[in-house]
Amino acid sequence: MVARAVAVLALGTLTAQEYAGSRACAICHKAVAARYAKSGMARSASLMPPMPSAKISSAQRVFEVFAKDGTMWQRESGDGFTNEHQLVYAIGSGANGVSYAVKRGDHLFQAPLSWYAKTKTWELSPGYEHADYAFNRPIAAGCIACHAGRPRVVPLSSGRYLDPPFDELAIGCENCHGPGAKHARSAKQADIINPAKLPRARAEEVCMNCHQGGDARVLMTGKTEFSFRPGERLSESVAIFQAPSGAETDLLQHHEAMRESACFQKSPNLSCHTCHSPHGVSNDFNAKCAACHQPHGKGPDCAGCHMPKRPVGFIAHAALTNHRISLKPRTARAGGLAQINEGPAPDATTLFQAFGQALAKRPDFAGQFESTLRTATGPIANAAKGRAALRAGKFDDAVALLRGALDNGYRIAAVYEDLGDALGRAGRFDESLVVLREGLGVAPYSQTLHKSIALRHIQKKDYDNARKALETYVQLFPEDEFVRRLLRQVSGPG
Ligand code: HEC
Ligand code: HEC
Ligand code: HEC
Ligand code: HEC
Ligand code: HEC
Ligand code: HEC
Ligand code: HEC
């Protein structure tokens, strides 16, 4: 009762909120909270800890990690520039690796170097070996939805956060149990979700939302990456799609692998939490097998033989432990792009987005992307049709479609960039400039928007404003040598 009184006191200011916060849960659930605190999930994101310094050189660039005034920084320098930012958040507990976020205004961006836990070294962040993203790669809402507790995000503009950006930094109790303020006041069982008591599919979806990234994730109309609540049908918020994979691929994500297991297919109740106590760090997996199987004399490490581990690159976002428990070799999954979470058959508006996202991995989906887009409706479809018209050189059609998308609420950087481009190509420079500047309100760190503004001024032969725009650009993105050279040309000799 004392604990309860303390909890009610602590919650005094939270009456209007649906969430209580993990600290409030810990007041009554001390043992669970103490166990959970040691898990990777409880440390999925954190304020920047002190780290060893480093200096890494490539042909064109030098990257450094260093401490300054008790905070950690990364610097990128090259011929004629240096660019440095303070690291504000660490993403990942370090089980395999840690990536870092820097703050630019109210936007979060990834830092070029990540910490590789296995080798204990700093190296280029995944993807940065192909291109120099510098400090310009937005930390998308999706990263934060999977890696953080309760972020405070501006909907639709991925990468833009409120200040402070998190109500709770690491994954906490309510990510799996749902908003718990009511339960924390009442202490009634009926007021909180226990995933173990949900129908199997609903329980799995609590984990699946984060542990099955999929090849495409399409948000339902009006939903964001943060809409899903445990206990709800996941498909009300997002449709997760998987492209067919060949028999040789056994590098699956946890959910699809489990689904291909004999244990899952032949027992109605087996789910993630059958083997994993999500609060615990120590799980005796072999004891879990013993609940359904007799040992057959090959030794006690059942999982060691039937769920082998494999080496996977840093942050593969795929299972390291093979969750497909089966004696049979894997058969290729036939068919097209398939929705993996239970839900109504996806309509064309959902499908074209899924095919569009999967295109990077499967260029052969182009035909299906185009045919589903044709019948798709709504502002997101209009934005895609606008882009297609722009590429086909039909600038007036593009302008109408892209404007329609913006007017109907689809206000993301790419739509402003495309509309600015379409207007520019149609020779409507002043209108283009208005749209590009509007876009900066949504995405103040878009390289494309800043570059297009400079270009429009050049096209107008307004070299004064072109120079100003280029100066702003070079200040924001000093690593861009091409634009630095352009600025020197526009500024003229001397
Ligand atoms: C004031 C004390 C108190 C606080 C604060 C509290 N709980 Fe509980 N919780 C209880 C009690 C007591 C029970 C057992 C209720 C019963 O068995 O009738 C319980 C049960 C539960 C259960 C099991 C429900 C079931 O159906 O099996 C879960 C899950 C749970 N709490 C999660 C949470 C979470 C998450 C928070 C924070 C948002 C939280 N609790 C905060 C007292 C509290
Ligand atoms: C909000 C997203 C999210 C949800 C919901 C979630 N996980 Fe996780 N899980 C993660 C992330 C991110 C990691 C990697 C944490 C790290 O090490 O940085 C992780 C790690 C794990 C690990 C590795 C060990 C550990 O504790 O880190 C297990 C096991 C796991 N999750 C199981 C589950 C199960 C089972 C569920 C459902 C009951 C679940 N997770 C729900 C995001 C989530
Ligand atoms: C759909 C959910 C999801 C998204 C989106 C996602 N991650 Fe992850 N991430 C996970 C899970 C779950 C793990 C744990 C590894 C596993 O079991 O797949 C993980 C692992 C990691 C790790 C290694 C953590 C450790 O402790 O070893 C890092 C770092 C990471 N992710 C960074 C990112 C970044 C940066 C982004 C955005 C560009 C991102 N992730 C997007 C779910 C996600
Ligand atoms: C990654 C998802 C996840 C997180 C995070 C999580 N839980 Fe749970 N919790 C579960 C699942 C799944 C079960 C059901 C486990 C079972 O009984 O097999 C559960 C069961 C419970 C129960 C009832 C059974 C028991 O073990 O007492 C309580 C109480 C509880 N959780 C409290 C909490 C509290 C408090 C926190 C935060 C400190 C928390 N949980 C964080 C997934 C989670
Ligand atoms: C909830 C019960 C349950 C749990 C827990 C469970 N299994 Fe199973 N498992 C089954 C069922 C049911 C089958 C199908 C048996 C049949 O076809 O007769 C099966 C089949 C298998 C098979 C044969 C696969 C094949 O292709 O025929 C292996 C191997 C196996 N399990 C290993 C394990 C291991 C290892 C664990 C622990 C990590 C485990 N199981 C946990 C229920 C379970
Ligand atoms: C039959 C038992 C079983 C089931 C069911 C199961 N897991 Fe696991 N899982 C394991 C074992 C065994 C490991 C290896 C753990 C270790 O070595 O510490 C593991 C490891 C993991 C890890 C750590 C990363 C890795 O791949 O090694 C994550 C994350 C995870 N499981 C998530 C899930 C999720 C999500 C589900 C449900 C979709 C699930 N697991 C279902 C047995 C299971
Ligand atoms: C040294 C590797 C190894 C270990 C350890 C092992 N298994 Fe197996 N298991 C196999 C192989 C190989 C087969 C294929 C059939 C055979 O040769 O007996 C098999 C078959 C099975 C089957 C399906 C056929 C049957 O006998 O029912 C199940 C279920 C199973 N194992 C469960 C387990 C469980 C539970 C454990 C832990 C107590 C375990 N295995 C430990 C290698 C292993």
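What you see below is based on every heavy atom in this structure, not just the backbone, and it leaves out hydrogens, waters and symmetry mates. Numbering starts at 1 and runs along the sequence shown. Treat the numbers as computed from the prediction; the structure is a model and nothing was measured. Indexing begins at 1, ligand by ligand and atom by atom, following the structure's order.
Distances from atom 13 (C) of ligand 1 to the heavy atoms of C28, A184, A187, A190 show the closest one on A187. Considering only non-hydrogen atoms, atom 40 (N) of ligand 3 lies nearest to H147 out of R137, H254, H147.
A donor-acceptor pair is defined here as one N or O able to donate and one able to accept, closer than 3.5 Å; such a pair exists between the side chain of N175 and the backbone of G172. Not one N or O on the side chain of E479 forms a donor-acceptor pair closer than 3.5 Å with the backbone of E76. Side-chain atoms of R61 do not come within 3.5 Å of backbone N or O of I56 as any donor-acceptor pair.
Polar contact with ligand 3: present for G94 (N/O pair, distance under 3.5 Å). For ligand 3, the polar-atom distance check finds an N/O of N96 within less than 3.5 Å of one of the ligand's N/O atoms. Every N/O-N/O distance between C146 and ligand 3 stays at or above 3.5 Å.
With a cut-off of 2.8 Å, atom 8 (Fe) of ligand 1 has an N, O or S atom of H183 in range. Because the distance cut-off is set at 2.8 Å, H29 qualifies as a neighbour of atom 8 (Fe) of ligand 1 through one of its N, O or S atoms.
Distances shorter than 4.0 angstrom occur between a heavy atom of S93 and an atom of ligand 3. Residue contacts with ligand 3 include G97, since one or more of its heavy atoms lies under 4.0 Å from the ligand. For the pair I27 and ligand 1, no heavy-atom separation below 4.0 Å is found.
A search for side chain to side chain donor-acceptor pair (under 3.5 Å) contacts involving N194 returns nothing, not counting sequence neighbours. Remark: D163 pairs with no residue by the side chain to side chain donor-acceptor pair (under 3.5 Å) rule, at least two apart or across chains. In this view, Q339 and N341 satisfy the side chain to side chain donor-acceptor pair (under 3.5 Å) rule, not counting sequence neighbours.
Under 4.0 Å from ligand 7, the heavy atoms of L327 that appear belong solely to its side chain. In R217, the part holding a heavy atom less than 4.0 Å from any atom of ligand 3 is the side chain. Counting heavy atoms under 4.0 Å from ligand 1, residue A24 touches it through the backbone alone. Looking at C210 against ligand 3, only its backbone comes within 4.0 Å, counting heavy atoms. Contacts of E174 with ligand 1, taken as heavy-atom pairs under 4.0 Å, involve the side chain alone.
Ring geometry for F66 against W73 counts as parallel: the plane angle stays under 30°, on a 0 to 90° scale with 60° as the upper cut.
Atom 25 (C) of ligand 7 lies below 4.0 Å from none of the non-hydrogen atoms of the protein. For atom 15 (C) of ligand 7, no protein heavy-atom neighbour is present inside the 4.0 Å cut-off.
Among all heavy-atom pairs drawn from N286 and A303, the shortest one is OD1-N, 3.2 Å.
Here F109 and H85 keep their ring centres 6.0 angstrom or further from each other.
With Q212 as the fixed residue, the side chain to side chain contact (heavy atoms under 4.5 Å, CB included) test singles out one of M258, R259, Q253: Q253.
A donor-acceptor contact under 3.5 angstrom links the side chains of K118 and N96, judged on distance only. Side-chain contact annotation: S326 with E260, donor-acceptor N/O pair under 3.5 Å absent.
Taking every non-hydrogen atom of D301 and a distance limit under 4.0 Å, the qualifying atoms of ligand 7 come out as 5 (C).
A cation-pi contact links R200 to F264, judged by a cut-off of 6.0 Å to the six-membered ring centre and 45° from its axis.
Listed by chain and number, the protein N, O or S atoms at a distance under 2.8 Å from atom 8 (Fe) of ligand 7 are H296 NE2, H306 NE2.
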